Amino acid sequence: MVSTVLASTLARRNIHYGWVVVAATFLTMLVTAGAMGAPGVLIKPLQDEFGWETSQISSALAVRLILFGFMGPFAAAFMNYFGVRKVIVFALALIGAGFVGSLFMTTLWQLLLLWGIVVGFGTGLTAMVLAATISSRWFTKHRGLVVGMLSASSATGQLVFLPLMAELTERYGWRSTVFFVCAMIMVAALAVLAFMRDRPADLNLPSFGETQVTPPPASTSLGVALMTPITVLREISKTSTFWILFATFFICGLSTNGLIQTHFVTLCGDFGIVPVAAASVLAVMGIFDFFGTIGSGWLSDRFDNRWLLFWYYGLRGLSLLYLPFSDFSFYGLSIFAIFYGLDWIATVPPTVKIAADRFGPEKVGLVFGWVFAGHQLGAATAAYGAGLSRTELSSYLPAFFVAGAFCLLASILAITLKKSGLSSPAPAAAH
């Protein structure tokens, strides 16, 4: 097998195979996030071709975001039962099927089925829960850094592909963007088949930072695996920590991919900015987010994660409140792109770290899955609410004021978490 030979080769050079798994996961999350972001540049072309209103298209995208979130806890259960590799390949096939089918759609219910339900299920299987699962299985040390890297790939993928997709859409029509997404999905699937393995024990390796190989847990029935998320939810729902993380992540989704990713290109169009230029601003956000989120992962291994969340949400709220006053000039949007981009999804590493510290590494995938469901509920609320605002009030701007105010509330909620129970940061690994 390619992975066995590669693991042996890397071991001789004192490099852990977990970094190869991180690379394959990074590519997967980058591509699936690009697929999630694609509809953001396709709203106007769909309106022009089919005559659908913004609120109608937004309703399908809201369904996709809800399923994207609520698949999280069950995605963790599926990964535990079927294995990470099989789940990822199935998810990529499902996303590809949804986009291929959309080439032939003619009615709104088909958009709802394909981009709402099918793509929602597929992307939900490769959401942030995948990052939490990979980091907890393959890494004991540098776990926060790994979560930061994988979170950065997800957020960056939602943004950096947008200028190219906008250019393709403008030159060759929206179906060319669909073909591009399908090609990216195929590349990611081949990489996963070649390099992904479920656990370090599959290659007779310890996790990074450990010296002993940890055997895989005893297998359970599919029924038990599917009930595990419900059991875990019943347990964690009795704690204030879960509900604070759920509420802050609801606001995180409300202020990121549900709002900016879905509607920013159309918002800029209302101010005379062409789609390619608007998508380029999103790409700049993606570049700054890449470094911001990796930096957040590094910080989450070393500092009090409650205060990191306080600053992240507070600064994001201020940037959203600033946007309507930027005049949508090059200078104003550049300032927004830099500050908002650094904070786009920097909240993920400290949130995962708090979940792991409070509920344990074995449960972190399932716990974060439920927390992430809150994120996507917030995203769906913003996706539909902002579209409704534009349809009914002829303006997106009220949605941005609301999102900014909620971010300030999230910053206050974050510091209400009790310090007790947080484990001390692990020392940096020498590997």
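A quick note: this is a predicted structure, and the numbers were derived from the prediction, not measured. What you see below is based on every heavy atom in this structure, not just the backbone, and it leaves out hydrogens, waters and symmetry mates.
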**Report entry** Flag, side chain of Gln56 to backbone of Glu53, donor-acceptor distance under 3.5 Å
**Finding:** yes

Query raised in the report: How many angstroms lie between CZ in Phe246 and CG in Leu413, if you round to the nearest 0.5 Å?
Result: 13.0 Å

Report task. Determine yes or no for a side-chain-to-main-chain donor-acceptor pair under 3.5 angstrom, with His16 supplying the side chain and Pro206 the backbone. Result -> yes

Query raised in the report: With sequence neighbours left out, what residues match Asp270 under salt bridge (Lys or Arg N to Asp or Glu O under 4.0 Å)?
Result: Arg390

Report task. Compare all side-chain heavy atoms of Val178 with those of Ser102 and state whether any distance is below 4.5 angstrom. Result -> yes

Query raised in the report: Does Thr126 reach the main-chain N or O of Met29 with its side chain, forming a donor-acceptor pair under 3.5 Å?
Result: no

Query raised in the report: Would you call the rings of Trp115 and Phe99 parallel, tilted or perpendicular, where under 30° means parallel and over 60° means perpendicular?
Result: tilted

Report task. Quick one: closest heavy-atom pair of Gly148 and Pro349, and the distance? Result -> CA-CG, 3.6 Å

**Report entry** Ser300 side chain to Gly297 backbone, donor-acceptor under 3.5 Å
**Finding:** yes

Query raised in the report: Do Phe250 and His375 have side-chain heavy atoms sitting under 4.5 Å apart?
Result: no

Report summary line: Of all heavy-atom pairs linking Leu309 and Pro350, the shortest is CD2-CG, 3.6 Å

**Report entry** Donor-acceptor pair, side chain of Arg137 and main chain of Asp198, under 3.5 angstrom
**Finding:** yes

Report task. Would you indicate whether Phe291, at its atom CZ, is surrounded by more than 12 heavy atoms from other residues, nucleotides or ligands within a distance under 6.0 Å? Result -> no

Query raised in the report: What distance do Ile236 atom CD1 and Phe359 atom CZ have between them, rounded to the nearest 0.5 Å?
Result: 5.5 Å

Using a 3.5 Å cut-off and no angle test, enumerate the donor-acceptor pairs between side-chain atoms of residues 188-196 and protein atoms at least two apart in sequence or in another chain.
none

**Report entry** side chain to side chain donor-acceptor pair (under 3.5 Å) partners of Ser319, counting only residues at least two apart
**Finding:** none

Query raised in the report: Any donor and acceptor pair, going by atom type alone, linking the side chain of Asn305 with main-chain N or O of Ile354 inside 3.5 Å?
Result: no

Query raised in the report: Between Cys252 and Thr347, which heavy-atom pair has the shortest distance, and what is it?
Result: SG-OG1, 3.2 Å

Report task. Could you tell me whether Tyr81 atom OH has more than 12 heavy atoms of other residues or ligands within 6.0 Å of it? Result -> yes

Query raised in the report: Is Asp202 reaching over with its side chain to a backbone N or O of Arg199, donor-acceptor style, under 3.5 angstrom?
Result: yes

Query raised in the report: If you round to the nearest 0.5 Å, how far is CZ of Arg306 from CD1 of Ile415?
Result: 8.5 Å

Query - side-chain contact (heavy atoms from CB on, under 4.5 Å) assessment of Trp138 paired with Tyr17 - result: CA-CA 9 Å; Trp138 285 86; Tyr17 190 81; 4.1 Å; yes

Report task. For Pro229 and Leu366, work out which heavy atoms get closest and say how close. Result -> CG-CD2, 3.9 Å

Query raised in the report: Do Leu145 and Ile294 come within less than 4.5 Å of each other through their side chains, counting heavy atoms only?
Result: yes

Report task. Kindly check if the number of other-residue, nucleotide or ligand heavy atoms within 6.0 Å of CZ (Phe406) is above 12? Result -> no

Report task. Could you tell me whether the side chain of Ser326 and the main chain of Gly332 form a donor-acceptor pair under 3.5 Å? Result -> no

Query raised in the report: Do the non-hydrogen side-chain atoms of Trp19 and Met149 ever get within less than 4.5 Å of each other?
Result: yes

**Report entry** Donor-acceptor under 3.5 Å (Trp243 side chain, Ser237 main chain)
**Finding:** yes

**Report entry** Whether Phe139 and Phe208 hold their rings parallel, tilted or perpendicular, with breakpoints at 30° and 60°
**Finding:** tilted

Query raised in the report: How close do Ala35 and Ile95 get, heavy atom to heavy atom, and via which atoms?
Result: CB-CG2, 4.0 Å

**Report entry** Smallest separation among heavy atoms of Pro398 and Leu393, with atom names
**Finding:** CG-CD1, 4.1 Å

Report task. Determine, step by step, whether Leu333 and Leu323 satisfy the side-chain contact (heavy atoms from CB on, under 4.5 Å) criterion, reporting the C-alpha distance in whole Å, the side-chain angles of both residues, the deciding distance to 0.1 Å, and the verdict. Result -> CA-CA 8 Å; Leu333 287 179; Leu323 180 61; 3.8 Å; yes

Requested in this report: Would you give the length of the straight line joining atom CH2 of Trp109 to atom CG of Leu112, rounded to the nearest 0.5 angstrom?
Outcome: 9.5 Å

**Report entry** Met227 side, atom CE; Phe74 side, atom CZ - distance, nearest 0.5 Å
**Finding:** 8.5 Å

Query raised in the report: Is the side chain of Tyr313 donor-acceptor paired with the backbone N or O of Thr248 at a distance under 3.5 Å, no angle test?
Result: yes

Requested in this report: Hey, could you give me the OG1/CG distance between Thr228 and Leu233, rounded to the nearest 0.5 Å?
Outcome: 12.5 Å

Query raised in the report: Once the angle between the rings of Phe328 and Phe271 is folded into 0 to 90°, is it parallel (under 30°), tilted (30 to 60°) or perpendicular (over 60°)?
Result: parallel

